[in-house]
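One structure is given below, encoded as structure tokens.
Remember, predicted model here, so these are calculated numbers, not experimental data.
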Amino acid sequence: MGSLDYSHLNNSKERLLPLSSFRGGEDAGSKFIFFNVIDKKFKNACKYLQDFVEEVWKMGRSDPRKVIFAMKMGLALAIVSLLIFWKGPYENVAQYSIWAILTVIVVFEFSIGATFIKGFNRGLGTLCAAILAVCFSELSLLVGKWEEVVIVISIFLMGFCSSYLKLHPTMTPYEYGFRVFILTYCILMVAGNRTREYKEAIITRLALIAAGAGVCFLVNIFIYPIWAGEALHGLVVKNFKDLATSLEGCVNGYLKCVEYERIPSKILTYQASDDPLYNSYRSVVESTSREDTLLGFAIWEPPHGRYRRFNYPWKSYITVSGALRHCAFMVMALHGCILSEIQASPETRQVFSTELRNVGAEGAKVLRELGSKLEKMEKLSPGDILKEVHEAADQLQEKIDRRSYLLVNSARWEIGRLNKELKELEDKENKQLGFKSLSGTLLDLRSDPVLTPPLPIDASKTMFTKQVSSPAQISLNVDSCLKGDECRTYESARALSLATFASLLIEFVARLQNIVDSFEELSEKADFKGPNISRIPTAKKRFGA
């Protein structure tokens, strides 16, 4: 027993020794893993920072206006910050110079129109707040010990009224002004209550806010001005070019039988994708919000550059863009035909390839010409700009009329089935007439028992019995019949998909007239210059008339 205890003790010590000996190794391993994780995170952070710097650099190179805007912002802040070192007779200027700095930070925007509307909102809100602050400050001084009650009640009333009024739909453009109003009123009342000099505090703040806004306007207008109206004009021109590119790409891709091996999920969920056709018409469809924003800023801008008229018709640009977007929906549907599961055969597409390609090319040509005219601010040349595209659409329609049997399953035409039924009915009547001619012979032969044929009733029963067995034979081939019907249905759908693509293209041509009408209206209101190249005037023709 003693030897067993001794051996067991030795074994237990041997088992415990490796645990204690390797404990230092485990600590070293955990430290190694910890440092590896830290090193990996540091490398990822450095890579992220490098990618961010590259993206910022590319953003500046792609649009230098953003770099210029940042420089102008810094310059305006530097100029206003000089008020900190004010040594003039009014010592409060240096003390409250932060108001001018805050005004520059809030009012200075990318475009001049945005700066004007922000400045107007801030100025109007500050002025109204100052007037009401003067009134309630005088009232608070008159009531004596009830001064604090008057201030609290006035703040409640101003907060309630401004918060309620800004919810009205017509007050949406002035929402920032309401915020400035309540903020300025509260600060003025609090500051005046502390210093007991309401009027001096109000006048000082008004003067500093005006100084900050003036610096914003001067720097933003006279140093490389960025106009919202120019941006709106360029956006509509870009939409014309993008839609023309997308239209040509859809038609050419359909005729080349372009097929997606796997449709990107971003396209199915209407997100930005790498597909150029998709991104082109998507940018046109989604430009509504940006156009509305630029329109709100452009209305506030003074006459400048090529837009030297007061009350320039910026809203007509939105009308033109809306008509263009109406056509973009057709291009979206054309692209949907390429993405569809059921496709027409390449042979059938080649039958109409020339006409389809001509319509697509002429439609894109019209869009590019309108975009070029809008970019140069020129009126349309005399004549019908839609003449060629209407002729191409007419040729496509004529080709469809001649080869319509390729677009549907002619074997299932109603008129074909009607002729077949009439023929079967005629054959049936002929058979019945033949039976009637034999009836007399049968009556004469009944007297001869040898030559008497089987009774018609028995014969009919025999035929009915044979027909009853036929469903069993049909049931053996039911799968093949159903598959045959499915194949014929699928072939009909394939042929019909080409008709869908052609009808969408013709509808696109019909919608071009709305773009031309809206463009002509814009050119008249904006007083575009005359065309450089004159055309032979022709009678204007509306497609489908």
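When every heavy atom of L374 is checked against every heavy atom of V236, the shortest pair comes out as CD2-CG1, 3.5 Å. For the pair E355 and V351, the tightest heavy-atom approach, listed with the atom from each and the gap, is OE1-O, 4.0 Å. The nearest pair of heavy atoms linking V285 to M332 is CG2-CE, 3.8 Å. Shown here for P302 and F116, the closest heavy-atom pair between the two residues is CD-CE1, 4.2 Å. Closest of all the heavy-atom pairs between I338 and C250 is CD1-O, 3.4 Å. Closest heavy-atom contact between S280 and S283: O-OG, 2.7 Å.
In the model, E362 has no side-chain atom that pairs as donor or acceptor with a side-chain atom of N358 under 3.5 Å.
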Show, in sequence, the C-alpha distance, side-chain angles and deciding distance for W227 and F297, and conclude whether the ring pair (Phe, Tyr, Trp, His ring centres under 6.0 Å) test is met. CA-CA 9 Å; W227 303 96; F297 296 155; over 10 Å; no
Full working for salt bridge (Lys or Arg N to Asp or Glu O under 4.0 Å) between E291 and R325: CA-CA 12 Å; E291 290 171 1; R325 196 173 298 109; 2.8 Å; yes
From CA spacing to verdict: side-chain contact (heavy atoms from CB on, under 4.5 Å), L504, T500: CA-CA 6 Å; L504 290 173; T500 302; 4.2 Å; yes
Take Y174 and K166, measure what side-chain contact (heavy atoms from CB on, under 4.5 Å) needs, and give me the verdict at the end. CA-CA 7 Å; Y174 308 103; K166 73 178 182 181; over 6 Å; no
Run the side-chain contact (heavy atoms from CB on, under 4.5 Å) check on L380 and S523 step by step: do they pass? CA-CA 8 Å; L380 293 177; S523 62; over 6 Å; no
With side-chain contact (heavy atoms from CB on, under 4.5 Å) as the test, would you mind laying out the steps for S321 and N239 before giving the verdict? CA-CA 8 Å; S321 184; N239 288 343; 3.9 Å; yes
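No option in M377, R306, E378 other than E378 meets the side-chain contact (heavy atoms from CB on, under 4.5 Å) test with K529.
Proximity of a side-chain donor or acceptor of T115 to a complementary backbone N or O of E109 within less than 3.5 Å is detected. Here the side chain of H233 pairs no donor or acceptor atom with the backbone of A231 at under 3.5 angstrom. In this structure a side-chain-to-backbone donor-acceptor pair under 3.5 Å is present from E301 to A228. Judged purely by atom type and a 3.5 angstrom limit, K66 has no side-chain atom pairing as donor or acceptor with the backbone of R61. Between the side chain of S246 and the main chain of D242, no donor-acceptor pair closer than 3.5 Å is present.
A 4.5 Å side-chain heavy-atom check between L367 and I515 finds at least one atom pair inside the cut-off. Between Y307 and W314 the shortest side-chain heavy-atom distance falls below 4.5 Å. Using a 4.5 Å heavy-atom cutoff, the side chains of N220 and K72 are in contact. The closest side-chain heavy-atom distance from Y317 to L294 is not below 4.5 Å. Counting heavy atoms from C-beta outward, L522 and T319 have side chains that stay 4.5 Å or more apart. At a threshold of 4.5 Å between non-hydrogen side-chain atoms, the residues F178 and N121 do not count as touching. No side-chain heavy atom of V359 sits under 4.5 Å from any side-chain heavy atom of F508. Side-chain contact between L370 and V516 is present, with heavy atoms from C-beta onward closer than 4.5 Å.
Here E507 pairs with R511 in a salt bridge; the nearest charged N to carboxylate O distance falls below 4.0 Å. With respect to E375 and K241, a salt bridge is recorded, a charged nitrogen being found less than 4.0 Å from a carboxylate O. Remark: K525 engages E521 in a salt bridge, criterion side-chain N to carboxylate O under 4.0 Å. Using a cut-off of 4.0 Å between Lys/Arg side-chain N and Asp/Glu carboxylate O, E524 and K379 are scored as salt-bridged. The pair E248-R357 does not meet the salt-bridge criterion, since no charged nitrogen lies less than 4.0 angstrom from a carboxylate oxygen. Here R179 pairs with E175 in a salt bridge; the nearest charged N to carboxylate O distance falls below 4.0 Å.
In this structure, CD on Q350 lies 10.0 Å from OG1 on T348, to the nearest 0.5 angstrom. Here R65 contributes atom CZ and S111 contributes atom OG; the two are 9.0 Å apart, rounded to the nearest 0.5 Å. Distance CG/L247 to CG/L505: 6.5 Å, rounded to 0.5 Å. For the atom pair NZ of K41 and CG of N44, the computed distance is 7.5 Å after rounding to the nearest 0.5 Å. Annotation: the span from L324 atom CG to H326 atom NE2 amounts to 11.5 Å, rounded to 0.5 Å. If you take CG on L386 and CD on E388, they are separated by 9.0 Å, rounding to the nearest 0.5 Å.
The environment of D401 atom CG is dense: over 12 non-hydrogen atoms of other residues, nucleotides or ligands sit within 6.0 angstrom. Heavy-atom contacts from other residues, nucleotides or ligands closer than 6.0 Å to OH of Y312 number more than 12. In this structure, R290 places its CZ atom where only 12 or fewer heavy-atom neighbours from other residues, nucleotides or ligands lie under 6.0 Å away.
Both the sub-6.0 Å distance and the 45° axial angle are satisfied by R349 relative to the ring of Y254.
Ring pair W300/F120 is tilted by interplanar angle, where 30° to 60° counts as tilted.
Proximity of the aromatic rings of F69 and Y224 is defined here by a centroid distance below 6.0 angstrom, and this criterion is not met.
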